[in-house]
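Remarks on the structure that follows.
Labels below follow one simple rule: chain letters A, B, ... track the order of the sequence lines, proteins then strands, and each chain is numbered from 1. Owing to the predicted nature of the structure, the values given are computational and were not obtained by experimental measurement.
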Protein chains: 2
Amino acid sequence: MSQPSRKSARKQRHRLVPGPEHAAVFAALGDQTRLVLLSQLMDGEHVSIAGLTEGSGLTRQAITKHLRVLEKSRIVRCTRRGREQLYSLNPKPLMELREYLDLVSRQWDGALMRLKSLVEER
Amino acid sequence: MSQPSRKSARKQRHRLVPGPEHAAVFAALGDQTRLVLLSQLMDGEHVSIAGLTEGSGLTRQAITKHLRVLEKSRIVRCTRRGREQLYSLNPKPLMELREYLDLVSRQWDGALMRLKSLVEER
DNA sequence: TTAACATGCAACCAAAAGGTTGCTTATGGA
DNA sequence: TCCATAAGCAACCTTTTGGTTGCATGTTAA
């Protein structure tokens, strides 16, 4: 009864929709400098731009741009205190990303059973 | 005894080193088109380039380029069968990525306790 | 009030990314 | 054998990205 043609079946099944927001967050994390910034923020609570620039070997403006990228995908927030701009982390987006990866993994648990023959590692 | 100067303390503590490979994988996932490709591969086992191109609205060559990006960061593998090139997923890199995000989360569980006052969501 | 500090803004630049077109090569099937 | 199909390669184009320099602005602290 109404069996979909084999050709389009692949596209039909409960596909997990990635969504551009996911891509945006991934992209924001897809840069070594920004990952380092995150790791700095991770144990630094609220840090100023100048503070983040310090050991980077880059210009303050470069760091600023990177921070803006992180800010645009909500990974990072900032509040102003006096003359300085303090940045801190926002867990939400990365949490969601991890959820996405979990979904992928789950999807794979199934797929991997099916493959198995060719997988052979690496 | 030997208390490190407050200034450098932030950089000292067990910082989780991101590493360029992480950035590379994140970057590879930082594109809507490629995420869609992945989702296609997720339920399609082994799919040819032409097959992946089909509903994309892009050129075969564009898709090829994207696949090469995914291939370079090991997210995807391909084997040749006759005249077609069959692509399939490689779970490893994404697994590692999830581990990384888990690390981050754990790191945060600590950091969040410390923040708490400003967090207020969003 | 003034000098030093923390940022913001804009212009500019080189390299990388995302796509396209056109042409060649290799395979499989009728 | 010959044609249609699957893919590779190269050149080219436009936009984005990662970075810089120079100058203007707001804040502190002396």
Notebook entry, point to check: Parallel, tilted or perpendicular: which describes the rings of A/F26 and B/F26, with under 30° parallel and over 60° perpendicular?
Noted result: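 Judged by the thresholds at 30° and 60°, the geometry between A/F26 and B/F26 is tilted.
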
Atom pair distance, as rounded to whole Å: [atom1] in [X] and [atom2] in [N]:
X: B/L29; N: C/dG18; atom1: CG; atom2: P; value: 12 Å
X: A/Q32; N: D/dG19; atom1: CD; atom2: C1'; value: 16 Å
X: A/I63; N: C/dA6; atom1: CD1; atom2: P; value: 15 Å
X: B/L67; N: D/dA6; atom1: CG; atom2: P; value: 15 Å
X: A/L58; N: D/dG18; atom1: CG; atom2: C1'; value: 9 Å
X: B/Q61; N: D/dT5; atom1: CD; atom2: P; value: 16 Å

Of B/I49 and A/G57, the one whose nearest nucleotide on DNA chain D sits closer to the 5' end is B/I49

Whether B/R68 and B/E71 form a salt bridge (side-chain N of Lys/Arg under 4.0 Å from carboxylate O of Asp/Glu) is what I want to check.
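No, no charged N to carboxylate O under 4.0 Å.
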
Phosphate OP1/OP2 of [N] contacted by [X] side-chain N/O (<4.0 Å):
X: B/Q85; N: D/dG8; result: yes
X: B/H66; N: C/dG19; result: yes
X: B/T64; N: D/dA7; result: no
X: B/R60; N: D/dT5; result: no

Q. Want to settle it: does A/E84 or B/R34 sit nearer the 5' end of DNA chain C, counting the closest nucleotide to each?
A.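 Upstream on the strand: A/E84.
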
TODO: Could you tell me whether A/A50 contacts a base, only the sugar-phosphate backbone, or nothing, with contacts defined as non-hydrogen atoms closer than 4.0 Å?
DONE: sugar-phosphate

Q) How is A/R80 classified with respect to the nucleic acid when contacts are heavy atoms under 4.0 Å: base, sugar-phosphate, or nothing? A)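 No contact at all - A/R80 keeps every heavy atom at 4.0 Å or more from the nucleic acid.
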
Of the listed nucleotides ([options]), which one gets closest to any side-chain atom of [X]?
X: B/T59; options: D/dG8, C/dT20, C/dG8; answer: C/dT20
X: B/R68; options: D/dC9, C/dA6, D/dT20; answer: D/dC9
X: A/R83; options: D/dT27, D/dG19, C/dA10; answer: D/dT27

Could you run down the sub-3.5 Å N/O contacts of the protein with nucleotides 11-14 of chain C?
none

Pair B/L37, B/H66 - check side-chain contact (heavy atoms from CB on, under 4.5 Å), show working.
CA-CA 9 Å; B/L37 284 179; B/H66 281 298; 3.8 Å; yes

